[in-house]
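Numbering of residues begins at 1 and proceeds along the displayed sequence. All values derive from a computational prediction rather than experimental measurement.
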Amino acid sequence: MNHEHRHIAVAGNIGAGKTTLVKKLAAHYNWKAHLEAVDHNPYLEDFYADMGKWAFALQIYFLNSRFNQVLEIRKSRETIIQDRTIYEDAYIFAKNLKESRYLSARDYDTYFSLFQSMSQMIAPPDLLIYLRASIPTLIRQIARRGRQYENTISIKYLEDLNRNYESWIAGYKEGKLLVIEVDDLDYVSQPEDLGHIINRIEAELFGLFSKNNTDWQV
């Protein structure tokens, strides 16, 4: 087996199913999962209650958390699968908050300058998996997980995020990209749906990482 570590990342809107897929792929491939700091985030609940007041603090928290994750990934000797990337923080969420006027131009410029400084010290993932989901799918899955602070998320907010995601993905040139349409997939309860995703990932892994198929145990 090839012991050189690799960095896989799963991207997608709120409720797209990133964390669930990260956990399932980590278990399947024996990869190490780096999950998004949601449950222990000291700003998230306040942010959804008052986006304008807490937008800058939340984005700085996520930026620092994600940057530290990437530094850990660089040091690791394991293959790591990451739940959301540092690029999404900047190009999707911070950008959307600026466009929605929850984040002032001054705060956004300060934030983005810090992101640019950090991005010079890190490398993009070897494979980015983007979960594309429609608004009804996002709403259904957000409701299913039942986080109280997410009850205030508006349809417009999700639509704006989806628009920014599609723009970012359309211009993504940082590395290998795999887009998965999740509206008609249920990889939680349908093994064949998870198998479909695994088959597509393996096609990318063998083409991207291996000199021959014996380099990876999948």
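- In this structure, CG in Leu58 is found 10.0 Å from CG in Asp46, a value given to the nearest 0.5 Å.
- Aromatic ring orientation, Tyr43 versus Trp54: tilted (interplanar angle from 30° to 60°).
- By the 4.5 Å heavy-atom criterion applied to side chains, Lys32 and Thr79 are not counted as neighbours.
- By the 30° and 60° cut-offs, the orientation of the rings of Phe93 relative to Tyr165 is perpendicular.
- Side-chain contact, Thr85 with Glu88: a donor N or O sits under 3.5 Å from an acceptor N or O.
- Taking hydrophobic clusters as Ile, Leu, Val, Met, Phe, Trp and Tyr residues chained together by side-chain heavy-atom distances below 4.5 Å, Ile201 does not share a cluster with Ile80.
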In sequence, state the C-alpha distance, the side-chain angles, and the governing distance for Leu114 and Leu63, and then conclude on side-chain contact (heavy atoms from CB on, under 4.5 Å). CA-CA 9 Å; Leu114 180 59; Leu63 183 65; 3.7 Å; yes

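- Glu45 CD: 12 or fewer foreign heavy atoms inside a 6.0 Å radius.
- To the nearest 0.5 angstrom, Tyr172 atom OH is 13.5 Å from Tyr130 atom OH.
- Between Leu131 and Ala16, the shortest heavy-atom distance links the atoms CD1-O, 3.8 Å.
- Ring orientation note: the planes of Phe115 and Phe112 are tilted relative to one another, at an angle of 30° to 60°.
- In this structure, Asp160 pairs ionically with Arg163, as a charged nitrogen and a carboxylate oxygen lie closer than 4.0 Å.
- Closest approach of Trp168 and Leu128 over heavy atoms only: CH2-CD2, 3.7 Å.
- Between the side chains of Ser189 and Asp186, at least one donor N or O lies within less than 3.5 Å of an accepting N or O.
- In this structure, the separation between CZ on Arg140 and OG on Ser134 is 7.0 Å, given to the nearest 0.5 Å.
- For Leu71, the CG atom is densely surrounded, since the number of other residues' heavy atoms within 6.0 Å is greater than 12.
- Listed for the Tyr102 side chain is no donor-acceptor partner under 3.5 Å among the backbone atoms of Ala94.
- Both Leu158 and Met51 sit in one connected hydrophobic cluster of ILVMFWY residues. Membership requires side-chain heavy atoms under 4.5 Å apart, directly or through other members.
- Between the side chain of Lys18 and the backbone N or O of Gly12, at least one donor-acceptor pair lies under 3.5 Å.
- Distance check, rounded to the nearest 0.5 Å: CG of Asn64 to CD of Gln69 gives 10.5 Å.
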Determine, step by step, whether Glu72 and Phe67 satisfy the side-chain contact (heavy atoms from CB on, under 4.5 Å) criterion, reporting the C-alpha distance in whole Å, the side-chain angles of both residues, the deciding distance to 0.1 Å, and the verdict. CA-CA 9 Å; Glu72 288 181 32; Phe67 181 66; over 6 Å; no

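- Separation of atoms CG (Asp83) and OG1 (Thr19) is listed at 3.5 Å; rounding is to 0.5 Å.
- Of all heavy-atom pairs between Asn164 and Tyr91, the closest is CB-O, 4.3 Å.
- Looking at His196 and Leu185, their side chains come closer than 4.5 Å, going by heavy atoms from C-beta outward.
- Screening Gln82, Met118, Met121 for a side-chain contact (heavy atoms from CB on, under 4.5 Å) involving Val70 leaves a single residue, Gln82.
- Closest of all the heavy-atom pairs between Tyr187 and Gly17 is OH-O, 2.7 Å.
- For Leu25 against Ile198, the heavy-atom pair with the smallest separation is CD2-CG1, 4.0 Å.
- Side-chain atoms of Asn162 do not come within 3.5 Å of backbone N or O of Asn13 as any donor-acceptor pair.
- Residues Val188 and Ile197 fall into different hydrophobic clusters, defined by Ile, Leu, Val, Met, Phe, Trp and Tyr side chains chained together at heavy-atom separations under 4.5 Å.
- Ile81 and Ile180 fall within a single hydrophobic cluster, where Ile, Leu, Val, Met, Phe, Trp and Tyr are joined by side-chain heavy atoms under 4.5 Å apart, directly or via other members.
- For the 3.5 Å distance criterion, the side chains of Glu99 and Tyr108 fail to qualify, holding no donor opposite an acceptor.
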Between Ser104 and Asp107, does a side-chain contact (heavy atoms from CB on, under 4.5 Å) hold up when you go through it step by step? CA-CA 5 Å; Ser104 71; Asp107 283 349; 3.4 Å; yes

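- Heavy-atom contacts from other residues, nucleotides or ligands closer than 6.0 Å to CZ of Arg106 number 12 or fewer.
- Residue Glu202 comes nearest to Tyr29 through the heavy atom pair CG-OH, 3.0 Å, listed as atom of the first residue, atom of the second, then distance.
- With a 6.0 Å radius and a threshold of 12 heavy atoms from other residues, nucleotides or ligands, Arg200 has its CZ atom above the threshold.
- Taking hydrophobic clusters as Ile, Leu, Val, Met, Phe, Trp and Tyr residues chained together by side-chain heavy-atom distances below 4.5 Å, Leu103 shares a cluster with Phe62.
- Distance CD1/Ile122 to CD1/Ile86: 4.0 Å, rounded to 0.5 Å.
- When atom types are taken as modelled, the side chain of Asp183 and the backbone of Ala133 share no donor-acceptor pair closer than 3.5 angstrom.
- Inter-residue side-chain proximity for Asp89 and Tyr61 is flagged as unmet; no heavy-atom pair is nearer than 4.5 Å.
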Before giving the answer on side-chain contact (heavy atoms from CB on, under 4.5 Å), spell out for Leu21 and Val182 the whole-Å C-alpha distance, their side-chain angles and the decisive distance to 0.1 Å. CA-CA 11 Å; Leu21 185 61; Val182 299; over 6 Å; no

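- Residues Arg6 and Glu78 are not paired through a salt bridge, judged by the lack of any N-O separation under 4.0 Å between the basic side chain and the carboxylate.
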